[in-house]
Amino acid sequence: MELERALPRKAMSRALWALLFGNFIIGCGVMAIGGVLNDLTRDLNITVSKGGELIAIGAVMMGVGAPLLAGAVTKVDRRRLLSWAMVWYALGFALCAVAPSYEWLWPIRALTVLSAAVFTPQAAAVMGFMSTPAHRGRHITFVFMGWSVASVAGMPLAAWIGERVGWRVVMMIVAVGALAAAWMVHRALPKGIRPPALSWRAWRKVFKSPLLMAVVLVTATQSAGQFTVLAYAAPYYKYDFGASPEQISLLFAWFGGLALAGNLVLNRTVDRIGAAPAVTLTLGMMALSLLIWPLATTLVGLALVMLPWALSGFATNSGQQARLGGLSPRLAPALMALNTSAIYLGHAVGAAGGGWVLTHQGYSQLHWLGLAWMLVAWALSAWAQRAQRRRDAARFQSAD
């Protein structure tokens with residue numbers, strides 16, 4: 001029996017909202033460094049590129065940790081696992097808030113973000129396990145929408161609070177939010193959620209599938225393209241456009257609001273139009289923004305140029321989760337872990353590449369490297385979409 005059918009509608013709704021809130025806090029914590037980069041670098045007396053290394057280091061930890069931890073936690077009840085992941089997140093951010101130097105901060109953050117490596121993929125896997133096929137895509141994208149909400153509220157607030165009060169206050173706010181998320185998840189999820197354990201044979205199936213691995217690479221390359229620019233957005237807006245703290249917050253809010261709108265549209269249409277076509281379309285929109293980036297000479301122009309990107313940025317990640325969940329529901333825990341790993345490793349590659357460009361050529365050249373990554377992602381997605389059609393057609397013919 002599908003677990004969704006055994007749960008009352010209100011219970012399913014509570015679970016969806018609790019996991020969405022958990023992803024919201026995870027997203028706020030992961031993206032907070034980008035928002036507070038100006039104040040953090042001043043306070044710790046480090047360069048902007050050195051501060052960007054915090055994003056890369058955390059991303060590597062999450063990227064490597066997601067698939068490894070997915071294999072280690074297969075037998076753990078998901079309510080307990082997700083609740084304690086948020087408690088760990090809270091403890092880590094509280095320690096980040098009192099870190100006396102960069103040398104203390106980076107290892108604490110590196111260990112803290114392992115919670116993100118657990119929570120986001122396992123929340124998606126839980127929804128894939130609890131949902132019927134007709135609602136699976138919608139539920140997975142709904143839970144992942146917490147990241148979009150984080151970009152709407154968390155990123156702008158982090159940027160403003162970081163400039164006006166200090167980055168340490170932002171860290172402590174995330175810690176308190178993580179405790180609240182732990183309580184919500186523990187209250188909302190039923191006991192006994194244990195998606196089928198994955199054997200090494202199942203993992204081999206994933207790695208041997210060109211289609212599945214191509215889709216995971218789409219996530220990695222588009223994430224690298226986005227974070228080539230996004231990792232350094234706050235100082236970019238300040239030094240190249242002369243933006244004030246309030247203007248920086250408004251730009252983040254503009255981007256996040258559009259991202260949420262795009263994710264809502266995807267959530268309502270993904271089961272009808274298909275996740276693969278939706279992802280290919282959104283990748284093209286992001287590439288368009290990066291291509292016309294030089295046209296932005298004012299903050300208003302920048303806001304207009306980033307509009308296609310903002311509408312599609314988080315929708316792409318949600319669509320990728322739904323895409324993988326639909327390609328192989330039985331392998332969903334492994335695929336969600338790999339997809340999360342790809343997101344974070346893309347963050348690391350993007351932040352590292354962006355840091356190199358920043359050091360050698362300046363802010364104005366960041367978008368060209370981002371565009372190159374995005375075009376690779378678009379080509380991979382288009383290929384995977386055609387391959388999926390051929391696979392589905394072959395299965396249909398064999399069934400006849």
Side-chain angles (χ1 to χ4, degrees), residues 2 4 66-67 70-71 121 124-144 195-223 225 266-287 312 315-343 345-346 373-400:
E2 298 282 357
E4 183 190 44
V126 163
M127 278 298 106
F129 178 70
M130 292 172 63
S131 302
T132 60
H135 297 95
R136 185 171 290 127
R138 179 182 299 178
H139 285 170
I140 291 174
T141 57
F142 182 87
V143 165
F144 200 80
L198 287 170
S199 63
W200 285 111
R201 182 180 178 184
W203 280 101
R204 285 195 298 270
K205 284 183 179 180
V206 172
F207 286 112
K208 287 183 176 180
S209 170
L211 173 57
L212 295 178
M213 292 310 299
V215 175
V216 172
L217 283 174
V218 168
T219 297
T221 49
Q222 67 84 21
S223 180
L266 179 76
N267 180 252
R268 292 179 178 275
T269 60
V270 64
D271 288 320
R272 184 171 69 253
I273 67 175
V279 168
T280 304
L281 173 63
T282 57
L283 290 171
M285 293 171 64
M286 286 191 284
S312 52
T316 297
N317 286 329
S318 296
Q320 283 289 94
Q321 296 272 16
R323 189 178 190 178
L324 287 166
L327 280 171
S328 183
R330 292 184 63 186
L331 298 175
L335 291 172
M336 297 305 174
L338 282 177
N339 194 60
T340 301
S341 178
I343 291 173
L345 289 176
W373 281 118
M374 205 61 66
L375 290 175
V376 172
W378 183 87
L380 281 170
S381 183
W383 178 88
Q385 185 177 334
R386 291 193 296 271
Q388 183 179 349
R389 287 175 182 168
R390 291 194 296 268
R391 187 200 70 170
D392 293 344
R395 286 182 176 179
F396 181 77
Q397 290 176 357
S398 63
D400 288 343

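Being a predicted model, the structure only gives us computed values, none of them experimental. Below, all heavy atoms of this structure are taken into account, side chains as well, without hydrogens, waters or symmetry copies.
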Restricting to pairs with a member in residues 375-387, which pass side-chain hydrogen bond (donor to acceptor under 3.5 Å, both in side chains), not counting sequence neighbours? Thr280-Ser381, Thr280-Gln385, Arg323-Ser381
Distance, nearest 0.5 Å, that separates CG of Leu327 from CG of Leu335: 7.5 Å
Going by the rule side chain to side chain contact (heavy atoms under 4.5 Å, CB included), which residues pair with Thr221 if we only count those two or more places apart in sequence or in a different chain? Trp373, Val376, Ala377, Leu380
Mind checking side chain to side chain contact (heavy atoms under 4.5 Å, CB included) for Leu281 and listing every partner two or more places apart, or none if nothing turns up? Met285
Without placing hydrogens or testing angles, list every side-chain donor-acceptor pair under 3.5 Å for residues 207-218, not counting sequence neighbours.
unit_1: Ser209; atom_1: OG; unit_2: Leu212; atom_2: N; d: 3.1

Which value, rounded to the nearest 0.5 Å, describes the distance between Gln222 atom CD and Met374 atom CE? 6.0 Å
Smallest separation among heavy atoms of Leu266 and Gly319, with atom names: CD2-N, 3.5 Å
With rounding to the nearest 0.5 Å, note down the distance linking CG in Leu324 to CG in Asn339. 5.0 Å
What pairs with Thr316 under side chain to side chain donor-acceptor pair (under 3.5 Å), at least two apart in sequence or on another chain? Thr282
Side chain to side chain contact (heavy atoms under 4.5 Å, CB included) with Ile273: which residues, sequence neighbours excluded? Thr269, Ala278
